[in-house]
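Input: a single structure, listed below in structure tokens.
Both ligands and their constituent atoms are indexed starting at 1 by order of listing. Just so you know, residue 1 is the first one in the sequence shown, and it goes up from there.
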Amino acid sequence: MNFDKTPGWMDWFVGPSTPRFKLPPGSVDAHCHVFGPGAEFPFAPERKYTPCDASKAQLYALRDHLGFARNVVVQATCHGADNRAMVDALIHSGGLARGVATVKRGISDDELQALHAAGVRGVRFNFVKRLVDFTPKDELLEIAGRIQQLGWHVVIYFEAVDLPELWDFFTALPTTVVVDHMGRPDVALPVDGPQFALFERFMREHPNVWSKVSCPERLSVTGPKALPGETSGARPAYRDVIPFARRIVETFPDRVLWGTDWPHPNLKDHMPDDGLLVDFIPRIATTAELQRKLLVDNPMRLYWPEEA
Ligand code: 0GY
């Protein structure tokens with residue numbers, strides 16, 4: 001089966017650099033995806049983009065290159081609620097990957113059990129309008145109630161401007177709730193301004209809410225390059241995201257996760273060097289203790305509690 005990539009689609013970065021930052025032993029890349037391969041695992045008819053292929057073998061080679069020990073593979077919207085590519089990645093990981101699925105109301109208990117056996121530990125609810133069609137809130141709440149019984153959590157993806165409208169729904173969720181990419185703040189706004197204050201309040205008032213402090217490449221306006229006067233040797237990429245991510249890491253050190261977001265869906269300006277992304281970590285988690293919580297203790301507690 002042939003799939004034509006969305007025009008202008010950028011392939012993932014081949015030959016990522018070796019990070020200078022040495023990840024703590026047992027680090028988890030807690031947000032990454034697989035795409036197809038489309039010939040084996042067809043992309044969903046309702047998808048909003050057609051990506052390049054990005055296989056489990058390529059994902060696990062990146063894991064080893066960067067120095068991660070484990071992955072959390074998150075169902076990407078281009079596969080809709082057909083979790084086969086993600087599940088295939090989990091079952092070929094030797095127990096070193098867990099997953100987050102997309103499910104619909106009609107899923108049976110047996111199907112949920114099969115996902116659990118493969119290593120799925122959460123479902124993703126996506127509110128980013130360019131990525132998905134609307135799903136009624138009562139359907140999502142019903143799903144949340146069912147997966148709660150399996151001990152799973154809910155991952156939510158939304159943009160900061162939509163948080164006020166979604167607040168009541170999010171705060172009614174009965175499980176642990178993990179926010180993708182800090183709720184996509186506008187990093188051109190002040191870190192102490194009302195938009196990010198609302199996100200901090202969301203986390204502060206709701207101890208079941210966690211955040212991925214991932215995707216500086218997606219949020220940054222200043223981008224990956226050094227400024228005039230800065231030496232590129234210091235790898236000072238995505239500097240405008242640092243105050244936001246650092247604030248969340250330091251305020252909620254036991255409820256943060258980090259992931260590469262490989263193979264980086266929907267980037268328009270540049271495709272990040274994953275080695276450079278890893279070197280972003282010590283700029284937002286500045287002590288060995290914060291790094292260990294972010295990369296090892298927290299993801300292990302959420303995804304491998306039997307080993308944590
Ligand atoms: C991400 C971000 C994006 C895409 C998806 O599932 C997806 O298609 O998550 C995005 O376009 O912002 O976290 O991978």
Side-chain angles (χ1 to χ4, degrees), residues 3 5-13 28-36 38 41-54 56 58-59 62 71-87 89 97 99-104 120 122-135 140 153-163 166 177-187 210-221 223 238 241 244-245 256-272 274 277 280 299:
F3 289 96
K5 284 189 286 186
T6 299
W9 184 270
M10 298 178 79
D11 286 358
W12 40 273
F13 192 93
V28 181
D29 176 353
H31 186 92
C32 52
H33 311 284
V34 288
F35 296 152
F41 301 108
F43 299 114
E46 73 273 22
R47 68 191 179 279
K48 306 294 182 203
Y49 61 82
T50 303
C52 54
D53 285 335
K56 58 183 183 289
Q58 289 160 328
L59 174 64
L62 179 76
N71 297 89
V72 178
V73 186
V74 176
Q75 175 76 354
T77 58
C78 56
H79 280 294
D82 176 351
N83 294 289
R84 282 177 295 169
M86 183 270 292
V87 163
V100 174
T102 297
V103 305
K104 289 195 186 308
V120 171
V123 289
R124 193 181 196 204
F125 295 166
N126 201 321
F127 299 89
V128 179
K129 297 175 185 85
R130 65 183 162 78
L131 289 173
V132 285
D133 298 323
F134 176 77
T135 305
L140 297 177
H153 60 273
V154 174
V155 173
I156 52 177
Y157 191 27
F158 62 93
E159 303 194 317
V161 289
D162 296 323
L163 180 56
L166 291 164
V177 173
V178 180
V179 179
D180 278 341
H181 323 325
M182 300 183 285
R184 291 197 64 117
D186 178 348
V187 300
W210 296 39
S211 180
K212 294 178 196 163
V213 288
S214 41
C215 279
E217 74 287 2
R218 218 173 260 296
L219 304 175
S220 179
V221 181
Y238 313 119
V241 184
F244 293 82
V256 284
L257 303 170
W258 193 88
T260 56
D261 194 32
W262 187 89
H264 311 290
N266 293 311
L267 288 185
K268 303 276 183 297
D269 302 329
H270 76 288
M271 191 41 72
D274 298 278
L277 287 177
F280 184 75

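When every heavy atom of P272 is checked against every heavy atom of L267, the shortest pair comes out as CD-CD1, 3.4 Å. The shortest non-hydrogen separation linking N126 to V132 is O-CG2, 3.3 Å.
Ring planes of H181 and H31: perpendicular class, angle over 60° (limits at 30 and 60°).
Applying the ring-ring contact (aromatic ring centres under 6.0 Å, His included) criterion to F125, with sequence neighbours excluded, gives no partner residue.
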Distances for all N or O pairs of ligand 1 and the protein under 3.5 Å?
{"unit_1": "ligand 1", "atom_1": "6 (O)", "unit_2": "T77", "atom_2": "N", "d": "2.8"}
{"unit_1": "ligand 1", "atom_1": "6 (O)", "unit_2": "R124", "atom_2": "NH1", "d": "2.9"}
{"unit_1": "ligand 1", "atom_1": "8 (O)", "unit_2": "Y49", "atom_2": "OH", "d": "2.5"}
{"unit_1": "ligand 1", "atom_1": "8 (O)", "unit_2": "T77", "atom_2": "N", "d": "3.3"}
{"unit_1": "ligand 1", "atom_1": "8 (O)", "unit_2": "T77", "atom_2": "OG1", "d": "2.6"}
{"unit_1": "ligand 1", "atom_1": "9 (O)", "unit_2": "R124", "atom_2": "NH1", "d": "2.9"}
{"unit_1": "ligand 1", "atom_1": "9 (O)", "unit_2": "R124", "atom_2": "NH2", "d": "2.9"}
{"unit_1": "ligand 1", "atom_1": "11 (O)", "unit_2": "R130", "atom_2": "NH1", "d": "2.8"}
{"unit_1": "ligand 1", "atom_1": "11 (O)", "unit_2": "R130", "atom_2": "NH2", "d": "3.4"}
{"unit_1": "ligand 1", "atom_1": "11 (O)", "unit_2": "N266", "atom_2": "ND2", "d": "2.8"}
{"unit_1": "ligand 1", "atom_1": "12 (O)", "unit_2": "R130", "atom_2": "NH2", "d": "2.7"}
{"unit_1": "ligand 1", "atom_1": "12 (O)", "unit_2": "Y157", "atom_2": "OH", "d": "2.6"}
{"unit_1": "ligand 1", "atom_1": "12 (O)", "unit_2": "R184", "atom_2": "NH1", "d": "3.4"}
{"unit_1": "ligand 1", "atom_1": "12 (O)", "unit_2": "R218", "atom_2": "NH1", "d": "3.2"}
{"unit_1": "ligand 1", "atom_1": "13 (O)", "unit_2": "H31", "atom_2": "NE2", "d": "2.9"}
{"unit_1": "ligand 1", "atom_1": "13 (O)", "unit_2": "R124", "atom_2": "NH2", "d": "3.4"}
{"unit_1": "ligand 1", "atom_1": "13 (O)", "unit_2": "H181", "atom_2": "NE2", "d": "2.7"}
{"unit_1": "ligand 1", "atom_1": "13 (O)", "unit_2": "D261", "atom_2": "OD1", "d": "3.4"}
{"unit_1": "ligand 1", "atom_1": "14 (O)", "unit_2": "H33", "atom_2": "NE2", "d": "2.6"}
{"unit_1": "ligand 1", "atom_1": "14 (O)", "unit_2": "D261", "atom_2": "OD1", "d": "2.8"}

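H79 and F3 have their aromatic ring centers separated by at least 6.0 angstrom.
Taking a cutoff of 4.0 Å between a charged side-chain nitrogen and a carboxylate oxygen, D162 and K129 qualify as a salt bridge.
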